[in-house]
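Report on the following structure.
Since we're looking at a predicted model, the values are computed, not measured.
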Amino acid sequence: MIIIGSDHGGYELKEFLKSWLEKRNMPYIDCGCDGSSVDYPDIAETVCRKVLKEPENNKGVLVCGTGIGVSVSANKIPGIRAALCTDYYSAKYTRKHNDTNVICLGGRTIGAELAAELLDIWLNTAFDGGRHALRVEKIKKLEEKPEDE
Ligand code: RB5
């Protein structure tokens with residue numbers, strides 16, 4: 001399942017991506033916002049907690065004005081690997097190498113058609129595993145490391 005959410009800065013792009021998903025018969029859960037002003041960490045948390053309910057099957061899509069606020073927020077949540085994507089290569093390789101489970105997009109920084117292309121390649125690229133799995137395990141260990149280690 002795709003879990004999607006935005007703040008007011010990403011609302012228009014979120015609505016565009018929803019119709020893009022609908023045209024492809026891809027189900028999603030919309031966690032808001034409805035266009036009114038909200039704080040991006042709240043939307044990031046709602047989307048990410050839902051993604052983590054079924055981490056094998058769920059992926060998150062977060063949009064704010066730049067995509068930065070939601071990505072910084074999402075990456076504070078253990079188990080979330082969120083990638084802010086503005087180019088095709090990153091959208092592809094952040095799945096292959098980082099096994100990211102959330103894509104972050106900027107509603108005020110990239111065009112809607114590019115955002116949809118980035119979402120498309122991100123959703124349709126599998127994790128390579130192998131040596132990259134070892135690196136992702138190291139990311140997971142960082143979440144557990146005490147400060148003074
Ligand atoms: C909201 O005005 C804006 O700060 C937000 O959408 C985002 O760009 C933050 O990173």
Side-chain angles (χ1 to χ4, degrees), residues 1-11 13-18 20-21 24 26-33 38-149:
M1 177 64 74
I2 296 164
I3 322 289
I4 191 167
S6 77
D7 74 351
H8 49 286
Y11 175 73
L13 178 55
K14 170 174 71 79
E15 293 304 302
F16 178 87
L17 294 174
K18 278 166 55 183
W20 184 89
L21 291 167
R24 285 155 187 78
M26 295 169 80
Y28 61 83
I29 295 171
D30 182 4
C31 296
C33 72
V38 293
D39 297 331
Y40 55 81
D42 295 335
I43 292 287
E45 181 176 19
T46 305
V47 167
C48 292
R49 301 268 179 235
K50 278 196 170 38
V51 168
L52 292 172
K53 286 233 149 80
E54 254 190 89
E56 297 306 316
N57 299 319
N58 292 344
K59 284 201 169 57
V61 181
L62 278 168
V63 193
C64 67
T66 57
I68 297 172
V70 285
S71 65
V72 170
S73 306
N75 279 310
K76 298 288 179 194
I77 299 176
I80 293 297
R81 290 177 303 284
L84 170 59
C85 293
T86 58
D87 67 279
Y88 187 88
Y89 185 92
S90 301
K92 183 173 179 178
Y93 277 85
T94 194
R95 283 289 309 127
K96 286 168 78 70
H97 290 183
N98 316 126
D99 198 19
T100 44
N101 48 12
V102 174
I103 187 170
C104 301
L105 299 161
R108 294 172 179 162
T109 55
I110 60 170
E113 295 294 342
L114 172 59
E117 288 290 319
L118 298 177
L119 177 58
D120 195 20
I121 189 67
W122 185 78
L123 286 173
N124 288 299
T125 303
F127 180 43
D128 276 352
R131 68 183 188 280
H132 301 293
L134 299 175
R135 292 163 185 163
V136 170
E137 282 310 310
K138 287 194 173 187
I139 297 176
K140 290 179 186 165
K141 287 219 174 80
L142 286 175
E143 292 172 348
E144 295 153 19
K145 266 190 187 172
E147 248 174 59
D148 55 356
E149 223 177 69

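- Scanning all heavy atoms of the two residues, the minimum distance from I77 to C48 falls at CD1-CB, 3.6 Å.
- For K18, the side chain to side chain donor-acceptor pair (under 3.5 Å) criterion is met by E15, D30, not counting sequence neighbours.
- Taking every heavy atom of both residues into account, I43 and C33 meet most closely at CD1-N, 3.9 Å.
- Between the CH2 atom of W20 and the CD atom of E117 there is a distance of 7.5 Å, given to the nearest 0.5 Å.
- The closest donor-acceptor contact from the side chain of D87 to the backbone of S90 lies under 3.5 Å.
- Heavy atoms only, all atoms of each residue included: L105 and C85 are closest at CD2-O, 3.6 Å.
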message: Could you walk me through whether I4 and V47 satisfy the side chain to side chain contact (heavy atoms under 4.5 Å, CB included) test, starting with their C-alpha distance in whole Å, then the side-chain angles of each, then the deciding distance to 0.1 Å, before giving a yes or no?
response: CA-CA 7 Å; I4 191 167; V47 167; over 6 Å; no

query: What's the verdict on side chain to side chain contact (heavy atoms under 4.5 Å, CB included) for N58 and I29, showing C-alpha distance, side-chain angles and the deciding distance?
result: CA-CA 10 Å; N58 292 344; I29 295 171; over 6 Å; no

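- Y11 does not carry K14 over the face of its six-membered ring by the limits of under 6.0 Å from the centre and within 45° of the normal.
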task: Apply side chain to side chain contact (heavy atoms under 4.5 Å, CB included) to Y28 and L17, showing your working.
output: CA-CA 10 Å; Y28 61 83; L17 294 174; over 6 Å; no

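- Atoms CG and CD, from L62 and E45 in turn, are 11.5 Å apart once rounded to the nearest 0.5 Å.
- The shortest side-chain heavy-atom distance between L52 and I80 falls under the 4.5 Å cut-off.
- Atoms CG and CG, on L118 and L114 in that order, are 4.0 Å from each other to the nearest 0.5 Å.
- Residues I3 and C31 are in side-chain contact: their nearest non-hydrogen atoms beyond the backbone lie under 4.5 Å apart.
- Going from atom CG of L134 over to atom NZ of K138 covers 8.0 Å, rounded to the nearest 0.5 Å.
- Minimum interatomic distance between D7 and C64 (heavy atoms only, all atoms of both residues): OD1-CA, 3.2 Å.
- D99 contributes no side-chain N or O that, together with a main-chain N or O of H132, makes up a donor-acceptor pair within less than 3.5 Å.
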Test log, rule side chain to side chain contact (heavy atoms under 4.5 Å, CB included), inputs R95 and T100: CA-CA 5 Å; R95 283 289 309 127; T100 44; 4.2 Å; yes

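- Classification of the Y93-H97 ring pair by plane angle, with boundaries at 30° and 60°, yields perpendicular.
- Here the closest non-hydrogen pair linking I2 and M26 is CD1-CE, 3.9 Å.
- Here the CG atom belonging to D120 is positioned 12.0 Å from the NZ atom belonging to K92, to the nearest 0.5 angstrom.
- Scanning both residues, N98 and T94, for their nearest heavy atoms gives OD1-OG1, 2.9 Å.
- Ion pairing between E137 and K140 holds under the 4.0 Å rule for side-chain N and carboxylate O.
- Looking only at distances, a side-chain donor or acceptor of N75 sits under 3.5 Å from a matching main-chain atom of A82.
- Atom OH of Y40 is separated from atom CD1 of I68 by 9.5 Å, given to the nearest 0.5 angstrom.
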